2 protein chains.
Amino acid sequence: MKWDELKDQSCPVARGLSVIGDRWTLMVLRDCFLGIRRFEAMQARLGITRHVLADRLRKLEADGVLRREAYQERPTRYEYRLTEKGKALYPVLVALIGWAEDHVPPEGETAITLVSRETGERIEPVLTDARTGRPITHRDVTAVRNA
Amino acid sequence: MKWDELKDQSCPVARGLSVIGDRWTLMVLRDCFLGIRRFEAMQARLGITRHVLADRLRKLEADGVLRREAYQERPTRYEYRLTEKGKALYPVLVALIGWAEDHVPPEGETAITLVSRETGERIEPVLTDARTGRPITHRDVTAVRNA
DNA sequence: TTGACAGGTTCCGAAAGGGAACTTACCCAT
DNA sequence: ATGGGTAAGTTCCCTTTCGGAACCTGTCAA
């Protein structure tokens, strides 16, 4: 299978990965959530090559995850902002952070901590079922194939 | 930056992606969660080339996400199973599924639905803070850099 | 001895990625 | 007007990775 055939698959994992499954894409989105909006800043922070960054931003815009907005004229310069669709990816990023914090120990110390904007306290992300309020693990949940 | 330098970074997103940031890795893990354990079966389901699949399985084993277990001798054949570290990735996969279901519409119909193993009812994954029980969105949470 | 099965490995050409320099278009200070 | 700085890309070249298909190994069964 080729990579671009993924988006047409019926599996939601495949469809999701067709957008964010790339090596750099979630790193770009991490920076977006941190408020980084400009090409130069992203390139400097990520260490990604300019060519690849330009390509990823184009794709993310095409997929509706980012939107490009002119922040000055003459010369026209654009910055990249998360759309609602992009902001909806936050739980994916947080789930990944939670896993990495628990299972992929850093060399030195962890750079960021997620805190409540309101109380300033550290948060502990856990995925729950909105209906029952109970945590979701692979033991409680099973996937059924739709007929 | 090269890809394999990522695992040494202080950012948990980078560390997480150093393990599962690859194009195919989460697809492989999806199959693992569905109970697929053998090379041939994965290769047939994923359409990934055998070479890349062998490589990914090796890396996932080296990272402690999968463990290889002999299921027969003469000739020795191995199957791949999720470790606890691997099982802990379930929320990441579910968060991705949730996002894709809401924001990346399929061509036809969605192949799988997550249901409670107990009640059989459809679940609605939502990321919450274990302390307060409240949903986590980018609006409620902010990242602070550790000094 | 031929074939099937399972889990790989090997080979090749094609596509993607890394690194660095170049381009465009403007502003500002000398 | 000349040179330097800023920002967002693009272009070039070379290396790495990927996709596709064939081949290998060990065993059993017909």
Side-chain angles (χ1 to χ4, degrees), chain A residues 1-9 14 17-29 31-32 35-63 66-82, chain B residues 1-9 14 17-28 31-32 35-63 66-81:
Chain A
M1 196 199 309
K2 287 281 193 66
W3 186 253
D4 23 324
E5 295 167 34
L6 226 62
K7 65 176 176 303
D8 300 327
Q9 288 209 210
L17 289 176
S18 75
V19 179
I20 59 154
D22 179 80
R23 276 194 148 91
W24 289 108
T25 299
L26 273 182
M27 293 286 280
V28 172
L29 292 175
D31 275 12
C32 292
I36 314 295
R37 306 211 215 300
R38 302 197 181 166
F39 190 93
E40 289 289 319
M42 289 184 191
Q43 202 270 322
R45 285 173 48 87
L46 295 173
I48 186 176
T49 61
R50 307 174 73 78
H51 182 95
V52 173
L53 177 57
D55 183 73
R56 293 303 174 275
L57 290 171
R58 249 192 308 270
K59 282 183 181 159
L60 285 170
E61 197 200 350
D63 283 329
L66 297 181
R67 114 183 85 89
R68 207 167 66 124
E69 213 165 273
Y71 67 92
Q72 77 171 34
E73 308 286 337
R74 290 195 320 281
T76 312
R77 297 265 163 78
Y78 297 97
E79 60 182 19
Y80 296 87
R81 287 161 169 275
L82 289 161
Chain B
M1 195 202 308
K2 288 278 195 65
W3 185 251
D4 23 326
E5 293 167 35
L6 225 65
K7 65 176 174 304
D8 300 327
Q9 290 211 208
L17 289 176
S18 76
V19 179
I20 59 153
D22 179 81
R23 277 195 150 89
W24 289 108
T25 299
L26 273 183
M27 292 287 280
V28 172
D31 274 12
C32 291
I36 314 295
R37 303 213 213 315
R38 302 197 182 165
F39 190 93
E40 289 291 317
M42 290 184 190
Q43 202 270 322
R45 284 173 50 88
L46 295 173
I48 188 177
T49 61
R50 307 173 73 78
H51 183 94
V52 173
L53 177 58
D55 185 72
R56 292 305 174 274
L57 290 171
R58 249 192 307 271
K59 281 182 181 158
L60 285 170
E61 197 200 348
D63 283 329
L66 297 182
R67 114 183 85 89
R68 206 166 66 125
E69 213 165 275
Y71 68 91
Q72 75 170 36
E73 308 287 337
R74 289 196 318 279
T76 312
R77 297 265 162 78
Y78 297 96
E79 61 183 17
Y80 296 87
R81 287 160 169 274

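Everything numeric here is computed off the predicted structure, so don't read it as measured data. The sequence lines fix the lettering, A, B, ..., with proteins before strands; numbering per chain opens at 1.
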Close side-chain approach of B:Val52 and B:Arg23, heavy atoms under 4.5 Å:
no
Comparing A:Arg23 with A:Ala41, nearest DNA chain D nucleotide closer to 5' gives the residue A:Ala41
N/O donor-acceptor pairs under 3.5 Å from side chains in residues 67-78 of chain A, not counting sequence neighbours:
residue, atom, partner, partner atom, Å
A:Arg67, NH1, A:Glu69, OE1, 2.4
A:Gln72, NE2, A:Pro75, O, 3.2

Would you give the length of the straight line joining atom CZ of A:Arg37 to atom CG of A:Leu82, rounded to the nearest 0.5 angstrom?
9.0 Å
Looking only at non-hydrogen atoms, find the nearest pair between B:Thr25 and B:Val19 and report the distance.
CG2-O, 3.8 Å
For residues B:Met42 and B:Cys32, report the shortest heavy-atom separation together with the two atoms involved.
CE-SG, 3.8 Å
Taken to the nearest 0.5 Å, the spacing of A:Ile48 CD1 from A:Leu57 CG works out to 8.0 Å
Distance in Å, A:Trp24 CH2 paired with A:Asp55 CG, rounded so as to fall on 0.5 Å steps
13.5 Å
Evaluation steps, side chain to side chain contact (heavy atoms under 4.5 Å, CB included), between B:Leu17 and A:Met27
CA-CA 8 Å; B:Leu17 289 176; A:Met27 293 286 280; 3.6 Å; yes
Can you see which heavy atom on A:Leu29 is nearest to which on A:Leu60, and at what distance?
CD2-CD1, 4.1 Å
For DNA chain C, which nucleotides open and close the run of contacts to chain B, 5' to 3', at under 4.0 angstrom from a non-hydrogen atom?
C:dC5 to C:dG19
Any side-chain heavy-atom pair from B:Asp22 and B:Arg56 closer than 4.5 angstrom?
yes
The correct set of residues in residues 49-57 of chain B placing a heavy atom under 4.0 Å from DNA chain D is B:Thr49, B:Arg50, B:Val52, B:Arg56
Do you know which two heavy atoms are closest between A:Leu53 and A:Phe39, and how far apart they sit?
CD2-O, 3.6 Å
When you match B:Arg74 and B:Lys59 each to their closest nucleotide on DNA chain D, which lands nearer the 5' end?
B:Lys59
Roughly how bent is the helix from C:dT1-D:dA30 to C:dT30-D:dA1 end to end, in steps of 10 degrees, with each end axis from five pairs?
20°
For DNA chain D, which nucleotides open and close the run of contacts to chain B, 5' to 3', at under 4.0 angstrom from a non-hydrogen atom?
D:dC18 to D:dT27
Looking at residues at least two apart in the chain, or sitting in another chain, which of them share a salt bridge (charged side-chain N to carboxylate O under 4.0 Å, His left out) with A:Asp31?
A:Arg45
Any side-chain heavy atom of A:Arg50 sitting closer than 4.5 Å to one from A:Glu40?
yes
